[in-house]
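The structure appears right after this line, and notes come after that.
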Amino acid sequence: MLGKINISDCLNDWVSKCDVILYSGYKDGTETLPCTYIWWPVDTDQRPMWSKSKQKFGYKSSSNWIGAHKDLSDYNDLLGHARNLGLHTIWDYHQLAHDDEYSDDNIYQFCDNAWYQYFLRRYSQKVSYYYKCTDADCETCNSPNGTWVLYNVIYFNEYREDIPPAH
């Protein structure tokens with residue numbers, strides 16, 4: 001009997017190799033010989049690695065990864081740096097772990113920041129909401145204490161592109 005095999009254990013070695021090749025690791029380092037690197041831990045800011053990749057590979061460095069499990073609070077900074085570097089594509093990585101409580105819950109934050117940094121386009125649809133007061137007394141309806149309920153929503157076939165605020 002071989003025992004229980006965790007697929008992530010098999011991938012850990014490949015992940016670290018990919019981080020070297022893609023300049024996407026959460027550490028910094030230097031190339032000592034061709035394809036030989038010395039790594040030292042720093043903080044989890046990937047921007048210096050992205051800048052090194054862009055300096056080394058120029059236009060061939062056109063995309064990179066953001067980890068949903070580590071970068072939630074840095075989305076705007078990372079996407080802004082990617083835009084400044086002229087990267088065309090940013091991949092939002094979600095690890096496949098049962099205990100990962102962050103990845104799936106922050107897709108909205110990633111998309112909102114990607115829109116703000118011009119990586120995504122966003123559209124709004126014209127909608128009208130109709131409310132009615134359920135109070136019998138008209139004076140109560142006209143006061144802040146009135147009880148209003150939504151009774152109808154109409155979706156129009158009108159759309160407009162939302163433009164991020166200037167920054």
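Throughout, numbering of the chain's residues begins at 1 and tracks the sequence. Just so you know, these numbers come straight off a predicted model, no measurement behind them.
The shortest heavy-atom contact between P164 and Y116 is CB-O, 3.8 Å. Closest heavy-atom contact between A82 and F119: CB-CZ, 3.8 Å. Annotation for L85 and K54: closest pair O-CE, 2.9 Å, computed over non-hydrogen atoms. Annotation for L78 and Q46: closest pair CD1-OE1, 3.7 Å, computed over non-hydrogen atoms.
Y75 places none of its side-chain heavy atoms less than 4.5 Å from the side chain of D77. Using a 4.5 Å heavy-atom cutoff, the side chains of R121 and W115 are not in contact. Between Y155 and S128, every side-chain heavy-atom pair lies at or beyond the 4.5 Å cut-off. Contact of the Y131 side chain with the V149 side chain is not registered, since no non-hydrogen atoms from C-beta on lie closer than 4.5 Å. Residues L150 and Y129 have side chains in contact (heavy-atom distance under 4.5 Å, counting atoms from C-beta outward). Under the 4.5 Å side-chain criterion, counting only non-hydrogen atoms from C-beta, I154 is not in contact with V127. Between L79 and N76, every side-chain heavy-atom pair lies at or beyond the 4.5 Å cut-off.
Using a cutoff of 4.0 Å between basic side-chain nitrogens and carboxylate oxygens, D112 and R122 are scored as salt-bridged.
Between the D135 side chain and the T147 main chain, a donor and an acceptor come within less than 3.5 Å of each other.
The local environment of CD in E139 is sparse, with at most 12 non-hydrogen atoms from other residues, nucleotides or ligands closer than 6.0 Å. Enclosure of atom CH2 in W91 is not indicated, since only 12 or fewer non-hydrogen atoms of other residues, nucleotides or ligands lie within 6.0 angstrom. No more than 12 heavy-atom neighbours from other residues, nucleotides or ligands sit within 6.0 angstrom of OH on Y59.
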I would like to know whether S53 and S61 meet side chain to side chain donor-acceptor pair (under 3.5 Å); could you show each step before the answer?
-> CA-CA 6 Å; S53 172; S61 175; 2.9 Å; yes

Give the intermediate values and the outcome of side chain to side chain contact (heavy atoms under 4.5 Å, CB included) for residues F110 and I66.
-> CA-CA 9 Å; F110 174 80; I66 292 178; 4.2 Å; yes

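Ring pair H81/W50 is parallel by interplanar angle, where below 30° counts as parallel and above 60° as perpendicular.
The aromatic ring centres of Y123 and Y159 sit 6.0 Å or more apart.
Side chains of D162 and S124: a donor-acceptor N/O pair is present below 3.5 angstrom, by distance only.
Here OH of Y118 is found 6.5 Å from CZ of R83. Values are rounded to the nearest 0.5 Å.
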